[in-house]
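First the structure, in the form of structure tokens, and then the observations on it.
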There are 2 protein chains.
Amino acid sequence: MVYDPQAKTDRPAHAVLAVVFQVRDGALQVLLWERALDPFNGAWSLPGGALSAGDTLEASIRRHLAAKVDVRELTHLEQLETLSDLDRNPDVWELATAYLGLIPSDVDPALPHDTRWHPVDKLPTLAFDHAAIVLAARDRLRGKLSYTNIGFAFAPETFTISELRMLYRAALGHEVSSTNLQRVLLRRHLLVPTGTRRESGRAGGRPAALYSFRLRRLEITDQFAVLRPPDRRAEQQQS
Amino acid sequence: MVYDPQAKTDRPAHAVLAVVFQVRDGALQVLLWERALDPFNGAWSLPGGALSAGDTLEASIRRHLAAKVDVRELTHLEQLETLSDLDRNPDVWELATAYLGLIPSDVDPALPHDTRWHPVDKLPTLAFDHAAIVLAARDRLRGKLSYTNIGFAFAPETFTISELRMLYRAALGHEVSSTNLQRVLLRRHLLVPTGTRRESGRAGGRPAALYSFRLRRLEITDQFAVLRPPDRRAEQQQS
DNA sequence: GAGGTTTTATCCTTCAAGTCGATAACCTAT
DNA sequence: ATAGGTTATCGACTTGAAGGATAAAACCTC
């Protein structure tokens, strides 16, 4: 490469990306965008774009996502990791900070024609290192389902235990027992019954009680479960 | 600010930082450096520096750390988060990616005169947002002590259960029972007895058996503990 | 060998989590 | 209305990880 004092190669470009998940049709799906730019023109990739002056990373990813979905539907957004492999973008030196976003299952945001939901289990070939990012995001989500209340972020305001069970099954990738799910989430005080029941428009069966998450922002419910004396455990009942 | 087409304000500067922990004198301590540059000249801050062309983030932090400690002693290094608050550096627009590094308790690397260990419980005033980063790193470490084998990274090659207990106590910040620690780590197959005993140069007492970690790289041992049917749990015995 | 010290094994309790079956509460069809 | 189907919920039971307490083991010094 010829030396060029104007070239900005002493500073990398910085992109932001989001892995936006929603449970749709009983499967965990991710929002993908069909690129209209080189490199990887025409390939599926994660939504995002360049970090621009005056934005924090989170503000930037929200701004870029706003072009794809109604960001007011985003119930959770957290930073994953920053990728810096030198050859992750074949054209330029570019870092990328990835975010995990969640959308509740009861909304169906309008999408531009170049943007679609794809089941995480059947991903197409993705541009850049995006396939690995999606899988890392899925693992992060699965972990947090076990020790936080993150379920609130992909569940509707109110729901029955059966509905919640399907959401957990889709996200975790294995069967989940209604009985156990209810007991675990109730014992941790993550769920509160609304007192109402689902009006049964179905073909029979006992009407299900409706629940909602006690708190609709992230809280840790099981951290330091191990090697902690029991009196300390009681403390986390607070808040 | 006057508009300057040569200014590179369309791309942020990018720094790398490391929170390097070691258990010293029974306390969790962090490696700090006394700044010799503005801003925050003279204040204590995390070691690190600018990301330079040709380096990944991890290569960059290793390079910067090499000026402070013998990086061969670093038994663990993982990315924490990337900070992007617009006013985190009062002078320039700068992102920073923080890393968590660990050093075993049985080495005492030579340090430059501007670099010192500080107990995490008694931090001096730190430059930038570094105090928050240190606390976030400590929390990450504490969490991983519960569900991974990360203890290998601050323990010597071989050790007695009592020695390991002191390390865990310092890192976790609360009492840890030897009996329980041994039982938990053995059940999870994280520890293997070496078969040898510590030659007793002490004032008496039964000689302690020496153990070492079965694996000296990070492995998850308790992920998805909840809502997972027991037959699935058996699978994670693999690897 | 008595007494002190530290380590380690054993027994016990507690409790989160998971399974299974019984009961409850609706529906529809006869 | 009532029998039978369907879904939801509750309660009893089992399992297993985790923590506490005590006793035994294995060294030391005097």
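Worth knowing before you read on, the calculation uses all heavy atoms, side chains too, and leaves out hydrogens, waters and symmetry mates. We name chains A, B, ... by the order of the sequence lines, and we start the count at 1 in each one.
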Whole-Å gap separating P (D:dG19) and CG (B:L185): 11 Å

Between C:dT19 atom C1' and A:R165 atom CZ, what is the distance in whole Å? 14 Å

Minimum-distance nucleotide (side-chain atoms of A:L227 versus D:dG19, C:dA16, D:dA26): D:dG19

Between C:dA16 atom C1' and A:D222 atom CG, what is the distance in whole Å? 9 Å

Candidate list A:K144, A:R214, A:R188, test salt bridge (charged side-chain N to carboxylate O under 4.0 Å, His left out), partner A:E219, passing option: A:R214

C:dA16 P sits how many Å from A:Q182 CD, rounded? 16 Å

Taking B:T97's backbone N and O only, do any of them form a donor-acceptor pair with B:T82's side chain (distance below 3.5 Å, no angle check)? no

The side chain of A:A209 is closest to which nucleotide in this list: C:dT7, C:dT19, D:dT9? D:dT9

Which residue lies toward the 5' end of DNA chain C, A:R197 or A:V184, if each is placed at its nearest nucleotide? A:V184

What do you reckon, is CZ of B:R216 surrounded by more than 12 foreign heavy atoms closer than 6.0 Å? yes

Would you call the rings of A:F159 and A:F213 parallel, tilted or perpendicular, taking 30° and 60° as the class edges? tilted

Ranking C:dA17, D:dA18, C:dT19 by distance to the side chain of A:T179, first place goes to C:dT19

On the nucleotide C:dT5, are OP1 or OP2 found under 4.0 Å from the side-chain N or O atoms that B:R206 carries? no

Return the value, rounded to whole Å, for the distance between atom NE2 of A:H174 and atom C1' of C:dA17. 13 Å

Heavy atoms under 4.0 Å, any strand shown: does B:S162 hit a base, just sugar-phosphate, or nothing? sugar-phosphate

Using a 4.0 Å heavy-atom cut-off across all strands, classify A:S178 as base, sugar-phosphate, or nothing. nothing

Here the distance between atom C1' of C:dT7 and atom CG of B:L164, to the nearest Å, is 14 Å

Quick one: which of C:dA24, C:dC20, C:dC26 gets closest to the side chain of A:P207? C:dC26

Using 30° and 60° as the class boundaries, would you call the ring planes of B:F152 and B:H76 parallel, tilted or perpendicular? perpendicular

Looking only at side-chain atoms of B:R187, point me to the closest of C:dA9, D:dT9, D:dA17. D:dA17

Whole-Å distance, B:L186 CG to C:dT7 P, equals 16 Å

5'-most contact on DNA chain D: A:L210 or A:R183, nearest heavy atom basis? A:L210

Whole Å only: how far is the CG atom of B:N180 from the P atom of C:dA9? 15 Å

